[in-house]
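Following: one structure in structure tokens, then a few remarks.
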Amino acid sequence: MAQSGSTRYDSATSQFDKAVARTGAGARSAVGSVAVIAAVLGAVPPVSMGWLAPMLAVHLVATGLFLRVLWRKELLPGWLVAGDVAITVALCLAQRHLVAEDALDTGSSWVAGLVTMTIVVAGVTWRIKVAVPVGLGLAAAFAVGVRLASPAHDVFGTLGIHLVQLTAILLLMTLLRRSSAATDAFLKESARAGIALMVERLRREDELRQVGSIHETSLHTLTMVGLGTYEEPSPTLRAQVVTDLSALEKLRDTPQADSALIALDTLLDEVAGRATGLDVHKRLTPETVPGNVAEHFARAVTEALANIALHAGVREAELVSTRSGGEVRVEVADSGRGFDQHRLPPDRFGVRGSILDTMRSLPNGGAEISSGAQGTRVQLWWRP
């Protein structure tokens with residue numbers, strides 16, 4: 001049964017985001033659980049159980065939701081992080097009812113630990129323009145709460161610590177996100193280069209076949225004439241000359257570079273053979289298309305097969321190419337877990353960039369992806 005949205009066909013950036021989300025969710029769950037234990041053990045006057053019990057109950061619900069994200073290996077939803085920020089702000093402002101004076105004086109309150117973790121989780125979830133005001137708001141709420149609980153307490157040292165924590169996590173996430181984006185670009189260009197090499201090799205093989213044809217026909221005919229095999233006009237010679245001229249004209253008119261014709265079925269067969277960990281069942285109709293068209297098809301099929309191998313949970317796929325009404329169509333299908341392409345973030349180039357945009361950027365080309373309980377089907381087409 002497909003689980004819509006549970007499987008994400010995405011890039012290195014998305015894999016990085018998932019790893020960071022799991023780490024953040026795990027750390028938040030652990031700190032949240034420890035905070036509850038510390039709050040209960042430190043519940044001495046003036047701590048009010050009337051305040052502490054409901055606040056901890058709400059906090060435990062949020063901790064359980066973070067555990068759920070960790071278990072399901074999902075990205076951290078923005079609403080959960082926003083809710084956690086709101087809960088932490090409320091805890092900060094209510095510190096005079098929740099934290100013992102000794103803990104406030106030493107700066108070791110359980111609320112302080114939660115503020116630090118909430119700043120970290122906000123930093124790994126949101127970009128700078130959102131994370132900065134959220135982090136500043138949390139630091140300010142903690143300082144206000146401490147002052148309300150103990151007016152003489154110095155809060156500037158704690159504020160400085162929180163600002164350092166906020167700056168550090170944002171700098172770290174900025175560098176890591178840039179690195180993952182650079183990895184995406186490198187992998188994308190590497191895939192394009194590999195396919196371009198395959199296309200060029202096939203083009204060269206076709207040229208060699210044509211040269212071989214010329215050698216076996218025109219040059220052979222000229223050699224026979226030069227040796228005096230034909231001393232007078234001959235129907236056989238006339239027919240052979242017509243054939244040879246036709247071959248020479250075909251070679252002369254063969255387009256070069258991207259417009260040179262490529263055997264699409266041969267290229268797709270090689271792409272399928274390179275799919276790691278996947279048994280691809282092929283039904284390929286012999287068809288020649290311009291080189292740039294073949295390259296677009298190959299890039300999209302490469303990405304589709306990679307998605308199946310990595311995310312669909314199956315080890316078999318089907319690759320079919322046909323021509324109907326002048327239109328060349330290629331289909332990649334699997335019977336694995338489905339996904340919801342409408343929930344994909346805009347910065348993911350896996351489905352959107354390497355499949356949909358690749359084919360739609362081709363004049364008279366297009367692509368469509370359907371996914372559900374029966375698996376995922378990627379349809380690509382081009383009309384000359």
Close side-chain approach of [X] to [Y], heavy-atom, < 4.5 Å:
| X | Y | value |
| --- | --- | --- |
| Leu319 | Val330 | yes |
| Val134 | Leu166 | no |
| Val328 | Ser321 | no |
| Arg28 | Leu76 | no |
| Thr88 | Asp84 | yes |
| Val301 | Leu380 | yes |
| Phe66 | Val121 | yes |
| Leu138 | Val89 | yes |

- Query: Among His281, Arg377, Lys282, Arg283, which one satisfies side chain to side chain donor-acceptor pair (under 3.5 Å) with Glu318?
  - Reply: Arg283

- Query: Does the distance from a Lys or Arg side-chain N to an Asp or Glu carboxylate O, for Glu270 and Arg274, drop under 4.0 Å?
  - Reply: yes

- Message: Just to verify, which of Val332, Thr302, Ile355 counts as forming a side-chain contact (heavy atoms from CB on, under 4.5 Å) with Asn307?
- Response: Ile355

- Query: According to the interplanar angle, ranging from 0 to 90°, do the rings of His162 and Phe142 count as parallel (below 30°), tilted (30 to 60°) or perpendicular (above 60°)?
  - Reply: perpendicular

Please output the side-chain donor-acceptor pairs of residues 31-40 that fall under 3.5 Å, not counting sequence neighbours, one pair per line with the distance.
from, atom 1, to, atom 2, distance (Å)
Ser33, OG, Ser29, O, 2.9

- Task: Could you pull out all residues at least two apart from Arg315 that satisfy side chain to side chain donor-acceptor pair (under 3.5 Å)?
- Result: none

